[in-house]
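Take a look at the structure set out below.
In listed order, ligands and their atoms are each counted from 1.
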Amino acid sequence: MLVVKKFGGTSVADKERIFNVARRCVEEYKKGNGVVVVLSAMGKMTDVLIDQAKDINPNPPKRAMDMLLVTGEQTSVALMEMAMDVLGVPAISLTAFQVAMHTTSVYSNARLKRIDTERIRHELEQKKIVIVTGFQGVNKYDDYTTLGRGGSDTTAVALAAALHADKCEIYTDVDGVYTADPRIVPQARKLNEISYDEMLDLATLGAGVLHNRSVEMAKKYGVELVVRSSLNTNEGTVVKEVTKVERMLVSGVAADRNATRISLIGLEDRPGVAFKLFDIIAKANINVDMILQSIGRDNKKDISFTVDENTADAALKVIEENEKSLRYEKVSVKKNVAKISVVGAGMMSNPGVAAKMFECLFNAGINIRMISTSEIRVTVLVDENDCDRAVQSVHDGFGLED
Ligand code: ASP
Ligand code: MG
């Protein structure tokens, strides 16, 4: 059997944790299984590197930024090879370059295109544990790229798919996927299973356990994932196509504090205005999430939308640069907002989920600023101060507690 195991930053944060991971991998290896290990940078290493970069240059060139960030993962895999050597097991650490993990050319947000598997297969045949850097790739210029924050999960799933692994385990510092963040809702319950679609929404909307693109890729290639803790041997959560809990009305509540709302007031109420606005934003490579357009009055209308707070300044910049052609009266930016979402495959066939969510928020005295929905999700934008109370009240309202 071939197993891909991915360990996040907290799981390799120090010497003791590194040996803990090494031992877990060796245990698997001693069962006679092939083991490919994908690692993140140690602890908060990536954040530290970003701070260092910004201290030198507030607006670092993206290529140089990726050149820097890949050292975090390179450090982890090298130390892991050393730890496994201490445990007397043959292991080899490889960067994305050595494997050859090909990505698109966009620095800081590249997508994996193709993974060469010869080197890894060769090392596995030599009965070595193969330790691969997460989060990074190589583009057509032979430069390092990175896959976006949290991207190591995607590396693991891509490797599992490319190697046709029998198992893909994502080890983290929590026991699995919960109905809500247990730090906000202590009564949150661990899910035994969740479908790809639900997990994708939860991941995108701030559940924090998996990189959303890893879930997208797992679904596409049918890689069954297990999310579990590196600190104990509890079962974890299985992410797969069809689940027993599929008929559950709501599987979880997610919160995303990194949203920023941008509003353009007094746009002209005529065809093409929304197109022009979002075309400008898209060309700046900025993802837009919720969108709200007011009903026109006096040939004017307002459009509000949310973006990730990291891209808010860039969005505002392109809007202001295009002030002449967009012709708005005013633009405003609100950073202290949070997105709260309920996700559940059962919503498709059950009316009233949105109403129930709004009732919970009303009972908690929380004002809703924007709303958006999909087949299996309802999302609202609230003030960031209300975020935790909103999650708790919705979690209670849907009876998700243990
Ligand atoms: N080290 C990278 C980050 O912090 C990638 C990862 O951990 O998945 O975003
Ligand atoms: Mg992560």
- For atom CD of E235, is the number of surrounding heavy atoms from other residues, nucleotides or ligands below 6.0 Å larger than 12?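 It does not: E235 CD has 12 such atoms or fewer within range.
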
Atom indices of ligand 1 within 4.0 angstrom of [X] heavy atoms, with elements:
| X | value |
| --- | --- |
| G150 | 3 (C), 5 (C), 6 (C), 8 (O), 9 (O) |
| R149 | 3 (C), 4 (O), 9 (O) |
| S40 | 6 (C), 7 (O), 8 (O) |
| S152 | 5 (C), 6 (C), 7 (O), 8 (O) |

- What part of M45, side chain from CB on, backbone N/CA/C/O, both or neither, has a heavy atom under 4.0 Å from ligand 1?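 Under 4.0 Å from ligand 1, M45 contributes no heavy atoms.
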
Report yes if [X] has an N/O atom closer than 3.5 Å to an N/O atom of ligand 1; otherwise report no.
| X | answer |
| --- | --- |
| T46 | yes |
| K6 | no |
| F135 | no |

Test item: [X] side-chain N/O and [Y] main-chain N/O as donor-acceptor pair under 3.5 Å:
| X | Y | value |
| --- | --- | --- |
| D66 | S108 | yes |
| Y29 | P90 | no |
| T154 | S214 | yes |
| T103 | L112 | no |

- Inter-residue atom distance L225.CG - D153.CG, 0.5 Å rounding: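 Spacing of CG (L225) from CG (D153) equals 8.5 Å.
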
- Query: Any heavy atom of G8 sitting closer than 4.0 Å to ligand 1?
  - Reply: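 No; G8 lies far enough from ligand 1 that no heavy-atom distance drops under 4.0 Å.
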
- Given the side-chain rings of Y107 and Y144, with only the six-membered ring counted for Trp, is the space between their centroids under 6.0 Å?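 Between Y107 and Y144, the centre distance exceeds or equals 6.0 Å.
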
